[in-house]
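Side chains are part of it too, since the values below use all heavy atoms of this structure and drop only hydrogens, waters and symmetry mates.
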Amino acid sequence: MKRTQVYCLWLIFLVLLQMSCEYKAGQLKGKKIAQQERTLGDMKEASFPFPEIPAMLTQPEERKAYLLEHYWDRFSFADTALVNNREVTEQGFVNQISLLADGATPETVVRESLKNWCSRFMPEAQARRVMMQLADDYLYNPNSPFYNEGLYGVYLETMLEVLPEEDARRSSFDFKLRLLRRNKVGDKATDFTYYLPDGQKKSLAATSTRGNRLLLVFYDPECESCHEVLREMTADASLAGAVKAGRVTVLAVYTEGNQEAWRKGLADMPEGWIIGTDRQKVKEEALYDLKAMPSLYLLDGQKRVLLKDAPLGQIREVLGLSVK
């Protein structure tokens, strides 16, 4: 699918780029316009039913905005066979979010594109299930290469905009949106209580931070993906050296309810880390958005969020740890 995605986006950008260069130079002739439109048309028929871009729109920014704002106009959400065709539906969605998240698309275009999409799929039950799952899988899953909390937040806001006030699903979208907005980069991290293995009660806010950096690790010793990341962190000599030298504090907090499993895994945790359990309060009170484990946050000495739910590689880079 990745190869198809790159191919489709390459064709889209090629058409836009060619038209930009030709028009700015005043050299584009009618024959070339038709040829390029046929190229885009061939791409539409082969994969996703892209909208027809009016010939009067000559600037690439205008053409891109029209493409995104009318992206799903020719797609039949009532056609379940089409909706279930991953090569068309899923690939079309991936191409759309790639353009929306390219850093050059105005927010007004992003919102209009998502509103067009959401309002069109909502009336159809199968399309609604498929499209909502695609949004969750691609934009909200931290393991997705398209993971994008900002775009996912706009999607949630859009869903709340298109759903009727009496729709029971509004509460779920509203809860997700409020959770998503917590502990954003630049905000002060939500305080919580945790307990050390000897029973001492501590709080995040009162935790002493060395080197003005605190790496907060929410983990579960019974989670296989946690094992992989924790093994990598345990074997990381540069991280261990930074902890020993006082350049960073690591606080690892167990968020599940099996205290026996937590205590059993204590011996495997790295030396120098602060290890605690929150006795499930973070999850029960939805203080942090723990959509996947482990969940890593990098804070400064004042407990302000520098990185939210970030991959270990990015955290290592920000901490200035040596390349492994």
Side-chain angles (χ1 to χ4, degrees), residues 142 149 153 175-223 225-226 229-230 232-234 236 239-240 242-259 261-263 265-321:
E149 275 200 354
F175 174 78
K176 279 187 176 182
L177 186 59
R178 286 187 286 110
L179 189 59
L180 195 72
R181 288 172 174 170
R182 291 182 180 174
N183 305 296
K184 295 187 300 184
V185 172
D187 290 352
K188 198 157 190 177
T190 302
D191 193 23
F192 62 88
T193 298
Y194 64 91
Y195 300 84
L196 299 178
D198 63 4
Q200 288 187 65
K201 184 178 179 180
K202 300 286 184 178
S203 72
L204 174 66
T207 299
S208 178
T209 304
R210 304 174 69 190
N212 196 36
R213 291 292 182 267
L214 186 146
L215 176 53
L216 177 58
V217 181
F218 293 109
Y219 79 104
D220 176 7
E222 296 182 296
C223 162
S225 61
C226 287
V229 176
L230 288 175
E232 184 178 352
M233 296 178 76
T234 301
D236 191 335
L239 176 59
V243 172
K244 187 175 182 179
R247 292 191 285 120
V248 62
T249 297
V250 180
L251 169 61
V253 179
Y254 172 63
T255 60
E256 307 305 310
N258 190 338
Q259 298 300 306
W262 173 62
R263 290 191 174 278
L266 288 175
D268 298 325
M269 300 300 285
E271 184 179 353
W273 288 19
I274 302 172
I275 315 296
T277 173
D278 70 336
R279 299 178 181 175
Q280 291 187 282
K281 289 300 181 182
V282 168
K283 290 186 68 176
E284 289 177 355
E285 299 178 12
L287 302 180
Y288 285 77
D289 187 7
L290 304 181
K291 50 184 157 296
M293 291 296 229
S295 187
L296 309 180
Y297 287 70
L298 185 62
L299 315 179
D300 66 12
Q302 287 69 51
K303 310 304 187 300
R304 294 197 178 277
V305 180
L306 302 177
L307 294 176
K308 177 184 178 181
D309 203 6
L312 180 57
Q314 185 180 7
I315 288 175
R316 297 182 79 263
E317 183 179 348
V318 172
L319 289 176
L321 301 181

Participant: I'd like to know if the side chain of D289 reaches the main chain of N183, judged simply by a donor and an acceptor atom lying under 3.5 Å from each other, with no hydrogens or angles considered.
Facilitator: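 Judged by distance alone, no pair lies under 3.5 Å.
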
Participant: Evaluate the side-chain proximity of K308 to E149: yes if any heavy-atom separation is below 4.5 Å, no if none is.
Facilitator: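 A side-chain contact under 4.5 Å exists here.
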
Participant: Looking only at non-hydrogen atoms, find the nearest pair between E222 and A261 and report the distance.
Facilitator: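 Heavy atoms only, the tightest pair is CD-CB, 3.7 Å.
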
Participant: Is any side-chain heavy atom of Y219 closer than 4.5 Å to one of W262?
Facilitator: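 A side-chain contact exists here, since the closest heavy-atom pair is under 4.5 Å.
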
Participant: Using 0.5 Å steps for rounding, measure from the CZ atom of R279 to the CD atom of Q259.
Facilitator: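 The CD atom of Q259 is 6.5 Å from CZ of R279, to the nearest 0.5 Å.
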
Participant: Sort and list the pairs that fulfil salt bridge (charged side-chain N to carboxylate O under 4.0 Å, His left out) and have at least one residue in residues 193-205, not counting sequence neighbours.
Facilitator: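 Salt bridge (charged side-chain N to carboxylate O under 4.0 Å, His left out) check on residues 193-205 returns no pairs.
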
Participant: Quick check for you: to the nearest 0.5 Å, what is the distance between D191 atom CG and S203 atom OG?
Facilitator: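 Those atoms lie 4.5 Å apart.
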
Participant: Between atom CD1 of I274 and atom CG of L215, what is the distance when rounded to the nearest 0.5 Å?
Facilitator: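 Rounded to the nearest 0.5 Å, the CD1-CG separation comes to 11.0 Å.
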
Participant: Is the shortest heavy-atom distance from the side chain of L196 to the side chain of I275 under 4.5 Å?
Facilitator: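 Heavy-atom side-chain distance check fails, nothing below 4.5 Å.
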
Participant: Closest approach of G186 and R304, non-hydrogen atoms and distance?
Facilitator: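 For G186 and R304, the tightest heavy-atom pair comes out as O-NH1, 3.5 Å.
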
Participant: May I ask you to decide if L319's main-chain N or O and R213's side chain share a donor-acceptor pair within less than 3.5 Å?
Facilitator: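 The answer is no, because no donor-acceptor pair under 3.5 Å joins these two groups.
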
Participant: Could you list the residues that satisfy side-chain contact (heavy atoms from CB on, under 4.5 Å) with A310, not counting sequence neighbours?
Facilitator: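 With sequence neighbours excluded, A310 shows a side-chain contact (heavy atoms from CB on, under 4.5 Å) to L307, Q314, I315, given in chain and number order.
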
Participant: Do the side-chain N and O atoms of T255 and D278 include a donor-acceptor pair separated by under 3.5 angstrom?
Facilitator: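 Absent: no donor and acceptor within the cut-off.
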
Participant: Given the rule in the side chain to side chain contact (heavy atoms under 4.5 Å, CB included) test, do K283 and L290 qualify, once you have shown the distances and angles that lead to the verdict?
Facilitator: CA-CA 8 Å; K283 290 186 68 176; L290 304 181; 4.0 Å; yes

Participant: Quick check against the 3.5 Å criterion: does T209 have a side-chain atom that pairs as donor or acceptor with the backbone of N212?
Facilitator: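 No.
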
Participant: Going by the rule ring-ring contact (aromatic ring centres under 6.0 Å, His included), which residues pair with Y288 if we only count those two or more places apart in sequence or in a different chain?
Facilitator: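 Result, ring-ring contact (aromatic ring centres under 6.0 Å, His included) vs Y288: F192, F218, Y297.
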
Participant: Do V282 and Y194 have side chains that approach each other closer than 4.5 Å (heavy atoms only, starting at C-beta)?
Facilitator: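 Heavy-atom side-chain distance check fails, nothing below 4.5 Å.
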
Participant: Hey, which of R182, K184, K291 is the one that makes salt bridge (charged side-chain N to carboxylate O under 4.0 Å, His left out) with D309?
Facilitator: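 Single pass found, and it is K291.
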
Participant: Out of curiosity, L296 CG to L312 CG, how far, rounded to the nearest 0.5 Å?
Facilitator: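 Those atoms lie 6.5 Å apart.
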
Participant: Got V217 and V229 here, is their nearest side-chain heavy-atom distance under 4.5 Å?
Facilitator: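 Result no, sub-4.5 Å side-chain heavy-atom pair not found.
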
Participant: Out of curiosity, L214 CG to T249 OG1, how far, rounded to the nearest 0.5 Å?
Facilitator: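 Between L214 CG and T249 OG1, I get 5.5 Å after rounding to 0.5 Å.
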
Participant: About how many Å separate CE of M233 and CZ of R316, when rounded to the nearest 0.5 Å?
Facilitator: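 Between R316 CZ and M233 CE, I get 10.0 Å after rounding to 0.5 Å.
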
Participant: Take M293 and E256 through the test side chain to side chain contact (heavy atoms under 4.5 Å, CB included) and record every step on the way to the result.
Facilitator: CA-CA 11 Å; M293 291 296 229; E256 307 305 310; 3.9 Å; yes

Participant: Taking atom CD of Q280 as the centre, report whether more than 12 heavy atoms of other residues, nucleotides or ligands fall under 6.0 Å from it.
Facilitator: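 Yes - once you tally the heavy atoms of other residues, nucleotides and ligands closer than 6.0 Å, there are more than 12.
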
Participant: Taking all atoms of both residues into account, what is the closest heavy-atom pair of P142 and A292, and its distance?
Facilitator: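 Looking at all heavy atoms of both residues, the shortest contact is CG-CB, 3.5 Å.
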
Participant: Could you pull out the closest heavy-atom pair between K303 and A205, with the gap in Å?
Facilitator: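 Here K303 and A205 meet closest at NZ-O, 3.6 Å.
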
